[in-house]
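A quick write-up on the structure given underneath.
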There are 2 protein chains.
Amino acid sequence: MVDAALRLLDDVGLPDLSMRRLATELEVQPSALYWHFSSKQELLAAVADRILATVPEPDPALPLTQVAVAIRDALLAFRDGAEVVMSTYALRLGARRAQDSLLAALGGTSTADESAADAIFEFILGHSMLLQQRMHAQSIGAVLADAADPTARSEDVFAAGIGAFAALSVRHSPS
Amino acid sequence: MVDAALRLLDDVGLPDLSMRRLATELEVQPSALYWHFSSKQELLAAVADRILATVPEPDPALPLTQVAVAIRDALLAFRDGAEVVMSTYALRLGARRAQDSLLAALGGTSTADESAADAIFEFILGHSMLLQQRMHAQSIGAVLADAADPTARSEDVFAAGIGAFAALSVRHSPS
DNA sequence: ACCTGAACACCGTTCAAGT
DNA sequence: ACCTGAACACCGTTCAAGT
């Protein structure tokens, strides 16, 4: 059922992912969904966990950049993935894992490292959500007076962000 | 009318900010709103611009941290402010100003500085949205097995993020 | 245990028609 | 120029009742 929701999300996007539509997809009455999940929020939280399922377990041997890229790619792998994760973040069952993996990659256990890990996660989420937002606007044809492809510069922007954090982490760790 | 929308947003939050409710607030029929704005999206874009209206004009004399704090505070000044700005970012009429102010604060005009400015903006948005998300969850009473106040550590996380970018900018500029 | 049927209280948007 | 009235095609959620 979560799989069906994830497929539907990728097909139609978050605004059109309704309980009624999902029910139709499953050839079931809308009310049937409420036996499995008590609300749409809960269903979306389960979807969010599935989206982040591919990010690696915490592992100090993993470089920060690699973990960051894995999280970003997980978010971008499904339409509106970043927004789904963001909107269910408060009931984070699985977002915590992503943050733990970042923390491990930073190699630290200090509260300063925890703050850094949180900040990096917030950056990746903000970056990915804004990117997907632009991708959607572009597909609608809402062209801004801006440069061509919104996706084009985004790799540089992501690198700039992760680079800033990586630089900090390098300067801290050689102790 | 945008003022009324902004007030209503702050009162009831984005999920309950409907065209019909706004119309009721203005003592008018829902359809009347569509003479002024062609869609809810457009109305929200105008609201987003109002939210960011208090961020300072681009000024190289302004320190990066100050501009970053100004943007964050603008987003946090209204309930769900970050989400509204994010969701209308693609048709950014006013988000561009915030990014330009960051760019000026970085002091640069290189494409590397542009990427950095974008990354900082993405971090601030992600940070603010996640914070407001937690604030809302807390008000609902959805307490996680986590530490007490979600707002408590957020100042440290924000400082960690901005600090990382500021450190980069310092190392680049003394040329 | 799992689902249907029917209802409740809503949505955004369009469009003829009024003033 | 600005608004009403009425409709269209939807929502999430609840709850008795069925199997």
Side-chain angles (χ1 to χ4, degrees), chain A residues 1-51 79-80 83-91 93 133 136-137 139-142, chain B residues 1-51 79-80 83-91 93 133 136-137 139-142:
Chain A
M1 179 172 156
V2 179
D3 311 75
L6 198 48
R7 269 198 312 273
L8 191 55
L9 172 69
D10 207 36
D11 278 357
V12 304
L14 186 56
D16 288 332
L17 172 51
S18 65
M19 295 299 266
R20 296 181 111 104
R21 191 148 178 183
L22 177 58
T24 301
E25 204 79 8
L26 295 168
E27 294 181 301
V28 108
Q29 291 303 115
S31 49
L33 303 179
Y34 289 85
W35 194 89
H36 302 276
F37 291 91
S38 67
S39 69
K40 188 180 183 181
Q41 271 288 324
E42 233 184 55
L43 194 249
L44 286 180
V47 170
D49 283 355
R50 204 81 122 215
I51 290 174
R79 169 127 79 127
D80 294 336
E83 188 170 357
V84 170
V85 170
M86 270 214 163
S87 70
T88 63
Y89 173 72
L91 341 94
L93 320 162
Q133 190 73 24
H136 176 251
S139 81
I140 294 303
Chain B
M1 176 171 158
V2 179
D3 310 76
L6 198 49
R7 269 199 312 272
L8 191 56
L9 172 70
D10 207 36
D11 279 357
V12 304
L14 185 56
D16 288 333
L17 173 52
S18 67
M19 295 300 265
R20 296 181 110 104
R21 189 148 179 183
L22 177 58
T24 302
E25 203 80 7
L26 294 168
E27 293 180 302
V28 106
Q29 291 304 114
S31 49
L33 303 179
Y34 288 84
W35 194 90
H36 302 276
F37 291 90
S38 67
S39 69
K40 188 181 182 182
Q41 271 288 323
E42 232 184 57
L43 193 250
L44 285 180
V47 169
D49 282 355
R50 204 80 122 217
I51 290 173
R79 168 125 81 129
D80 294 336
E83 189 170 356
V84 170
V85 169
M86 271 214 163
S87 70
T88 63
Y89 174 73
L91 341 92
L93 321 161
Q133 190 73 23
H136 176 251
S139 81
I140 295 307

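Reminder, nothing fancy here: chain letters follow the sequence lines and each chain counts from 1. Not measured: the values here are computed from a predicted model.
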The side chain of B:Tyr34 lies closest to which of these nucleotides: C:dG5, D:dT4, C:dT13? C:dT13
Proximal nucleotide (of D:dG12, D:dC2, D:dT4) relative to the B:Val28 side chain: D:dT4
What is the distance, rounded to the nearest whole Å, between atom [atom1] of [X] and atom [atom2] of [N]?
X: A:Trp35; N: D:dA16; atom1: CH2; atom2: C1'; answer: 17 Å
X: A:Lys40; N: C:dC11; atom1: NZ; atom2: P; answer: 15 Å
X: B:Gln29; N: D:dA6; atom1: CD; atom2: C1'; answer: 10 Å
X: B:Gln41; N: C:dG12; atom1: CD; atom2: P; answer: 12 Å
X: B:Glu42; N: C:dT13; atom1: CD; atom2: C1'; answer: 14 Å
X: B:Phe37; N: C:dT14; atom1: CZ; atom2: C1'; answer: 18 Å
X: B:Leu33; N: C:dT14; atom1: CG; atom2: C1'; answer: 14 Å

Whom does C:dA1 pair with, Watson-Crick or G-U wobble, provided both distances fall under 3.5 Å? D:dT19
With both distances under 3.5 Å as the test, what is the Watson-Crick or G-U wobble partner of D:dA6?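 Pairing partner, where one exists within any strand: C:dT14.
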DNA chain C contacts made by residues 14-27 of chain A, counting heavy atoms under 4.0 Å: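 The stretch gives A:Arg20 as the residues lying under 4.0 Å from the strand, ordered by number.
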Give the minimum heavy-atom separation between A:Tyr34 and A:Ser39, together with the two atoms involved.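 It is CE2-CA, 4.1 Å.
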So which heavy atom on A:Thr88 is nearest to which on A:Val84, and how close?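 Minimum heavy-atom contact is OG1-O, 3.0 Å.
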How far does the C1' atom of C:dA17 sit from the matching atom of D:dC2, given to the nearest Å?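 Result for the C1' pair: 13 Å, nearest Å.
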Can you tell me how far apart [atom1] ([X]) and [atom2] ([Y]) are? Round to the nearest 0.5 Å.
X: B:Leu6; Y: B:Asp11; atom1: CG; atom2: CG; result: 10.0 Å
X: A:Asp10; Y: A:Ile51; atom1: CG; atom2: CD1; result: 9.0 Å
X: B:Leu44; Y: B:Asp49; atom1: CG; atom2: CG; result: 11.0 Å

Taking OP1 and OP2 of C:dC3, is either one under 4.0 Å from a side-chain nitrogen or oxygen of A:His36?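 True: A:His36 side-chain N/O within range (under 4.0 Å) of C:dC3 OP1/OP2.
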Is B:Arg79 reaching over with its side chain to a backbone N or O of B:Leu14, donor-acceptor style, under 3.5 angstrom?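 Not confirmed, B:Arg79 side chain does not pair with B:Leu14 backbone.
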Distance-only donor-acceptor test (3.5 Å): side chain A:Ser31, base C:dG5: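 Flag set: donor-acceptor pair detected.
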A:Leu43 side chain reached by A:Leu33 side chain, heavy atoms, under 4.5 Å: no
